[in-house]
Asks: 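I'd like to ask you about the structure that follows.
Values below: all heavy atoms of this structure, side chains included; hydrogens, waters and symmetry mates excluded.
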Amino acid sequence: MTQGSQQQGGQQQQPSPAQKMGRALTDIRKVQNMLELSSPGQTEAIKMLREAGDLVWEEIERQQQQQDS
């Protein structure tokens, strides 16, 4: 539904890669938090989510630094 409305809008701006990664990071952190609360024994899965989120965050920062230069 949102794709159709974006196409009809004509010149609407697509999200930047950093914005898309920010959305992914938010989702990773939400899942990490849900897992920490519901299944704290899943330490390996929680660790992997934390590491994935950290990698995405580092890439977002790198992209923002490139834009600022």
Side-chain angles (χ1 to χ4, degrees):
M1 182 180 244
T2 54
Q3 280 185 330
S5 61
Q6 284 179 349
Q7 289 171 354
Q8 290 173 0
Q11 294 276 347
Q12 280 200 339
Q13 210 173 5
Q14 293 295 321
S16 72
Q19 288 172 321
K20 289 179 183 178
M21 291 182 67
R23 217 171 302 144
L25 178 60
T26 298
D27 289 346
I28 290 169
R29 296 300 190 208
K30 282 182 185 176
V31 173
Q32 176 188 341
N33 189 46
M34 288 177 359
L35 199 56
E36 286 173 343
L37 292 173
S38 66
S39 304
Q42 294 289 328
T43 55
E44 192 62 28
I46 292 167
K47 179 183 169 190
M48 290 186 327
L49 284 166
R50 185 177 298 121
E51 289 173 355
D54 290 348
L55 287 171
V56 172
W57 176 248
E58 288 172 16
E59 181 61 21
I60 292 169
E61 285 188 320
R62 189 188 66 77
Q63 287 183 7
Q64 288 175 340
Q65 287 172 354
Q66 283 182 338
Q67 286 176 351
D68 293 343
S69 321

Asks: Enter the distance from Gln63:CD to Asp68:CG here, rounded to the nearest 0.5 Å.
Replies: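 Reported to 0.5 Å precision, the distance equals 12.0 Å.
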Asks: Got a second to check how far Met21's CE is from Arg23's CZ, nearest 0.5 Å?
Replies: 12.5 Å
Asks: Pair up each side-chain donor or acceptor in residues 48-57 with any protein partner under 3.5 Å, not counting sequence neighbours, and list the distances.
Replies:
| from | atom 1 | to | atom 2 | distance (Å) |
| --- | --- | --- | --- | --- |
| Arg50 | NH2 | Glu36 | OE2 | 3.1 |
| Asp54 | OD1 | Arg29 | NH2 | 2.9 |
| Trp57 | NE1 | Glu61 | OE2 | 3.2 |

Asks: Could you measure the distance from the CG atom of Leu25 to the CD atom of Glu58? Nearest 0.5 Å is fine.
Replies: 11.0 Å
Asks: Which residues satisfy the side chain to side chain contact (heavy atoms under 4.5 Å, CB included) test with Thr26, sequence neighbours excluded?
Replies: Lys30
Asks: Taking atom CD1 of Ile46 and atom CG of Asn33, what is their separation to the nearest 0.5 Å?
Replies: 9.5 Å
Asks: How long is the gap from CZ on Arg62 to CD on Gln67, to the nearest 0.5 Å?
Replies: 10.5 Å
Asks: Show the nearest heavy-atom pair for residues Pro40 and Leu37, with the distance to one decimal.
Replies: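 That closest heavy-atom pairing would be CD-O, 4.1 Å.
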